Number of protein chains: 2
Amino acid sequence: MENYQSSLDAAFHSLADPTRRAVISRLTKGPAPVKELAEPFAMGLPAFMKHLRVLEKDGLISSEKIGRVRTCRVNSERLTAAETWLCEQRRLWQAGTDRLADYVETQMSRSIENAE
Amino acid sequence: MENYQSSLDAAFHSLADPTRRAVISRLTKGPAPVKELAEPFAMGLPAFMKHLRVLEKDGLISSEKIGRVRTCRVNSERLTAAETWLCEQRRLWQAGTDRLADYVETQMSRSIENAE
DNA sequence: GGAACAGTTTGCTATTTGGCAAACTAAATC
DNA sequence: GATTTAGTTTGCCAAATAGCAAACTGTTCC
């Protein structure tokens, strides 16, 4: 599944892993080299680099190598796209539950009317 | 990776697939039986059911079988958790870029002062 | 009770993943 | 120029995924 249909596939896929989310969290505070990003994790560098490659392929970060240091920075568009999608879903869901609440309220008023 | 460390792992994992996102999208408008949910997709029912099982295992939907019909509904907490995380990341990232903007502005004022 | 319907189970693929260890490249430092 | 440092490549492994087809279970309807 190399090619994602939508950028949402890519964004959510990257974010499904705790290591990768931690990297994003760190990078939201500012750019950092690979070494520093890898430090908090128990895994070896090759394994960690795979996560970085996934993040970059999925468009959530970008990186640039200067000398022997590769500096990574967060790429906010994909994050925003994911957030926007979730926000829209919540909006739709709330619209539904609001209609339900209205309906329940209406039914209750009727019951009271009938009881009077 | 049966057990997720965090509910975010589960939420983002489920959302990484376009079929599953479409199911969520449909369910935000209200509950629906499996048959109706499966209709728009080219794949067979067994493959589709796997997606539903993933969604349910990951806590994004719940379902109940009455007679021979299984009705699914969306489970908003996990979606909210994911949205909250993304929102927080954006907040942090914006704080950073705002600081950067301030810094650039300060530097520019100084250049102008020096030039005068 | 027989047919149609809604969903489920089983068994089979190919691909992707997340990790390891070991060897390697290129830049900085002494 | 030898050594440390930062990152990269290669080859390997076990587990999980996304799909298929075919056979099966239980419900509803005529």
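Side-chain atoms are counted along with the backbone in the values below, which use heavy atoms only and exclude waters and symmetry mates. Reminder, nothing fancy here: chain letters follow the sequence lines and each chain counts from 1. Keep in mind that what you see is a predicted model, and the values were worked out from it rather than measured.
- With hydrogens and angles left out, the side chain of A/Lys65 and the base of D/dG7 share no donor-acceptor pair within 3.5 Å.
- Taking atom NZ of residue B/Lys57 and atom C1' of nucleotide D/dA16, one finds them 9 Å apart after rounding to whole Å.
- Partners of A/Glu36 according to the side chain to side chain contact (heavy atoms under 4.5 Å, CB included) rule, which considers only residues two or more places apart in sequence or in another chain, are A/Arg26, A/Ala32, A/Pro33.
- Side chains of A/Ser62 and A/Glu56: a donor-acceptor N/O pair is absent below 3.5 angstrom, by distance only.
- Of the candidates D/dC20, C/dT8, C/dT17, the closest approach to any side-chain atom of B/Arg70 belongs to C/dT8.
- Taken to the nearest 0.5 Å, the CD1 atom of A/Ile61 stands 6.5 Å off from the CD1 atom of A/Ile24.
- Within the 4.5 Å cutoff, the side chain of B/Arg90 has heavy atoms near those of the A/Glu83 side chain.
- One finds a side-chain N or O of A/His51 lying less than 4.0 angstrom from the OP1 or OP2 phosphate oxygen of C/dG19.
- Side-chain atoms of A/Arg68 and base atoms of D/dA6 include no donor and acceptor less than 3.5 Å apart.
- Straight-line distance from the CD1 atom of B/Ile66 to the C1' atom of C/dA6: 14 Å, rounded to whole Å.
- Between A/His13 atom NE2 and D/dA16 atom P the separation is 15 Å, expressed in whole Å.
- Nucleotide C/dC20 holds its P atom 11 Å from the CG atom of A/Leu45, rounded to whole Å.
- Remark: the backbone N or O of A/Ser25 is paired with a side-chain donor or acceptor of A/Thr28 at under 3.5 angstrom.
- Shortest non-hydrogen contact noted between B/Val23 and B/Phe41 is CG2-CE1, 4.4 Å.
- Listed by residue number, there are no residues of residues 31-39 of chain B with a heavy-atom contact under 4.0 Å to DNA chain D.
- At whole-Å resolution of the value, CE in A/Met49 and P in D/dT10 are 13 Å apart.
- The nearest whole Å value for the distance from the NZ atom in A/Lys50 to the P atom in D/dT10 is 12 Å.
- A/Arg78 places a side-chain N or O within donor-acceptor distance of the main-chain N or O of A/Asp58, the cut-off being under 3.5 Å.
- Of the candidate nucleotides D/dT10, C/dT8, D/dG19, D/dT10 has the atom nearest to the side chain of A/Pro46.
- Straight-line distance from the CG atom of A/Asp9 to the P atom of D/dA18: 11 Å, rounded to whole Å.
- Distance A/Arg53 CZ to D/dT10 P: 10 Å, rounded to the nearest Å.
- Annotation: of the two residues near DNA chain C, A/Phe48 and A/Gly67, the 5′-most nearest-nucleotide partner is A/Phe48.
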